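The structure under discussion appears below in the form of structure tokens.
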Amino acid sequence: MWGLGSAGRGALAIVALLALLLLASGAAVAAFVGSDDTVFNRPAELGQDGRPVLTAPDLLAYEGVTVTLRASAPEGVFIGTAHPVDVADFVGDSSRIRLTRVTRTGVEAEDVGSSAAVEPASADFWTASMSGPGVEELTLNRDSSAAQWVIAPLSGVGPTTVSFGITVPGLFRGALIALGTGALVLVISVELLLRSRRRPRRTRRQPPGPPAPSAAERIAAYVPEPDVAPPATEGKHKARRVALAFVLTLSLAGCDYEDLLPAQRQSSELATTKVALTRAELPALFESYGERLRTAVEAARPPRYREDEWHLVDRGPALESDLFGTKVGKLTRLGRRSVPTYEGLEAFSGRFDSYPMWSLVSSKMGRQTRVDLFAKDSVSAPWLREAGSTLSRDLPSPGRPSRLPDADEAAAATAAWRDYLRTGDRDDRLTIDQDSKAWRENIADLGGRAMFSGYTVTVAPAGVSRVVGVADGELAVVALRVTTRLDGRRDLMVRWAPPYGKYRAEKRGVLSFADIAVGVIHLPSKGSPTLLGATFSEVAAP
């Protein structure tokens, strides 16, 4: 040791310098963070005119970071979080303040929007929200949430004061360990450097005794013992979180975090697109839909036969069928129907970057399994049923939600179904279901009766063709308008028997009626398309 050269002393000096930097960083972080493992930046006042404040969707969206927003306003403040797609639909072009960056001394913001400001506290789509007269806090784990904050002063009275805190469990303890480790390495390095410059001196032999503890040993006594080593994966994640926390803390202390943070941002797909509907949301969907359906059914019962409530439940082909059924009930003085109940099973959804959104939903209705197309025009609008059918075959697995396939994927199968309904001829383009076969056989039987000289079936699109990806291909819901014309014999007076004559068309011995046919088609990656089920609902004939 006494022969340590200049190169060795230089290396020790570098180690000592690094240990000093580690000691200073640990001390700074421990003092700045405190024992709660959270560090807040300086509060900033925004929106003197009371406008809402929104964060950018990717603000502080880094792996391993839990972020807390702290806000207040003179007459109380509201804080809410929601998916960026929902927030964008809600705010539209309204006037607001957008936070784009967090610094040690506050935030960077910009004014956006030109129309009237919205009132976030009045909305009910928030994934988490709170409001109160004092300082409110709302926390997000940025690992798992594609979300942004919306802050608004209650009563529209500003300014709004905001600050952000970053929390990583074990940060304070990690800072203390860094401080102690840096101090220990620094003392050892300095002691070795000093010894390398001394010459050994001869001294009188002393009786043996316990050696006095060195400075390094005395400092090491204050370094906390590490716990039992965690599993490799857990230790790796913990080390990454602590390292990231040090970087973030240094950024809030004055460094430029854009140059320091790792490029592990939240997925842009998660932040810019949203799964329209998930399986976990089905109970809430059918609870809301069931309440509205019950109101509509009760309003359409005799003697009122009101149609207005149906617009709050269904739309498109489903609404057309509802309105026709209510009209038939009024004409025939019948129309009493029970309220069906749905038990949600699965959601077949894609990812959307804006509203309107839709999803195919499977459910149990009594003993029947069905698939319905539900659509939502905006984040604050209810889910409305657009079309649906019962099934006679099993559904495929939903797979992982992704971008929607081209609607033309179902064009060939839809054309095959259309041709079958029109002519009754089957081919290898589509495997037909039992309900379509039964409907076509009934039409052929009716048109073949002696009172008719013939019949024709015309089929046209009914405005619904939706395709979503599933585990082994695609699943589609399509709707067709099917009109049947029955030509009565000229030597007979052919008319509709009661009560059909009250709501079905007839003219000079020609009888006609129309159906909306809704089919669920499985389009596998390998093999031919299959019609899983079809439902025929009568509507007014043209």
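All values derive from a computational prediction rather than experimental measurement.
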Could you tell me if the side chain of [Y] sits less than 4.5 Å from the side chain of [X], heavy atoms only?
X: W310; Y: V297; result: yes
X: L59; Y: Q148; result: no
X: D111; Y: I97; result: yes
X: L323; Y: K327; result: no
X: L384; Y: D314; result: no

Restricting to ring pair (Phe, Tyr, Trp, His ring centres under 6.0 Å), what partner residues turn up for [X], sequence neighbours left out?
X: Y455; value: none
X: Y355; value: none
X: F452; value: none

Has [X] got a side-chain atom pairing as donor or acceptor with [Y]'s backbone, closer than 3.5 angstrom?
X: R351; Y: T273; value: yes
X: S389; Y: A534; value: yes
X: S129; Y: I79; value: no
X: R96; Y: S94; value: yes
X: T55; Y: W149; value: yes
X: S349; Y: L277; value: yes
X: E506; Y: W496; value: yes
X: T535; Y: T390; value: yes
X: N442; Y: A438; value: yes
X: S362; Y: E346; value: yes

Can you tell me if [X] has over 12 outside heavy atoms packed within less than 6.0 Å of its [atom1]?
X: M365; atom1: CE; value: yes
X: K376; atom1: NZ; value: yes
X: R301; atom1: CZ; value: yes
X: E137; atom1: CD; value: yes
X: D308; atom1: CG; value: yes
X: K437; atom1: NZ; value: yes

Practice item. Carefully, step by step, assess L421 and F536 under the rule side chain to side chain contact (heavy atoms under 4.5 Å, CB included). Key: CA-CA 11 Å; L421 295 178; F536 296 80; 3.9 Å; yes
Carboxylate-amine/guanidinium proximity below 4.0 Å for [X] and [Y]:
X: D89; Y: K274; answer: no
X: R504; Y: E538; answer: yes
X: R481; Y: E320; answer: yes

Exercise for review: Quick one: list whatever passes side-chain hydrogen bond (donor to acceptor under 3.5 Å, both in side chains) with T127, sequence neighbours left out.
Suggested key: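 Residues passing side-chain hydrogen bond (donor to acceptor under 3.5 Å, both in side chains) with T127: T81.
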Check your understanding: Got a sec, which residues hit side-chain hydrogen bond (donor to acceptor under 3.5 Å, both in side chains) with D408, two or more places apart in sequence or on another chain?
Key ->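 In terms of side-chain hydrogen bond (donor to acceptor under 3.5 Å, both in side chains), with neighbours along the sequence ignored, D408 is linked to no residue.
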Check your understanding: Any side-chain donor-acceptor pair under 3.5 Å between D93 and S114?
Key ->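 The criterion, which ignores hydrogens and geometry beyond distance, is satisfied for S114 and D93.
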Review point. Looking just at side-chain N and O atoms, do R292 and S288 make a donor-acceptor pair shorter than 3.5 Å?
Key: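 Their side chains do contain a donor-acceptor pair, which is all the 3.5 Å distance test asks for.
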Exercise for review: Examine F374 together with Y289 and report whether their ring centres are nearer than 6.0 Å.
Suggested key: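 Centroid distance F374-Y289: below 6.0 Å, so yes.
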Practice item. May I have all residue pairs that pass ring pair (Phe, Tyr, Trp, His ring centres under 6.0 Å) and include part of residues 379-425, sequence neighbours excluded? Key: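 Counting only pairs at least two positions apart or across chains, no ring pair (Phe, Tyr, Trp, His ring centres under 6.0 Å) contact touches residues 379-425.
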Review point. Yes or no on side chain to side chain contact (heavy atoms under 4.5 Å, CB included) for L69 and F164, after CA distance, side-chain angles and deciding distance?
Key: CA-CA 5 Å; L69 168 68; F164 290 88; 3.8 Å; yes
Exercise for review: Evaluate the side chain to side chain contact (heavy atoms under 4.5 Å, CB included) criterion for residues I432 and R440: first the C-alpha distance (whole Å), next the side-chain angles of each, then the deciding distance (0.1 Å), finally the verdict.
Suggested key: CA-CA 11 Å; I432 303 297; R440 194 63 185 73; over 6 Å; no
**Study point:** R422 and its side-chain contact (heavy atoms from CB on, under 4.5 Å) partner, picked from L480, T456, V459
**Key:**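 Passing option: V459.
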Exercise for review: Please work out which of the three classes, parallel, tilted or perpendicular, describes the rings of Y342 and F286, given edges at 30° and 60°.
Suggested key: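 It falls in the parallel class, under 30°.
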Exercise for review: Check the pair L531, D435 against side chain to side chain contact (heavy atoms under 4.5 Å, CB included), reporting the backbone distance first and the verdict last.
Suggested key: CA-CA 10 Å; L531 195 55; D435 294 317; over 6 Å; no
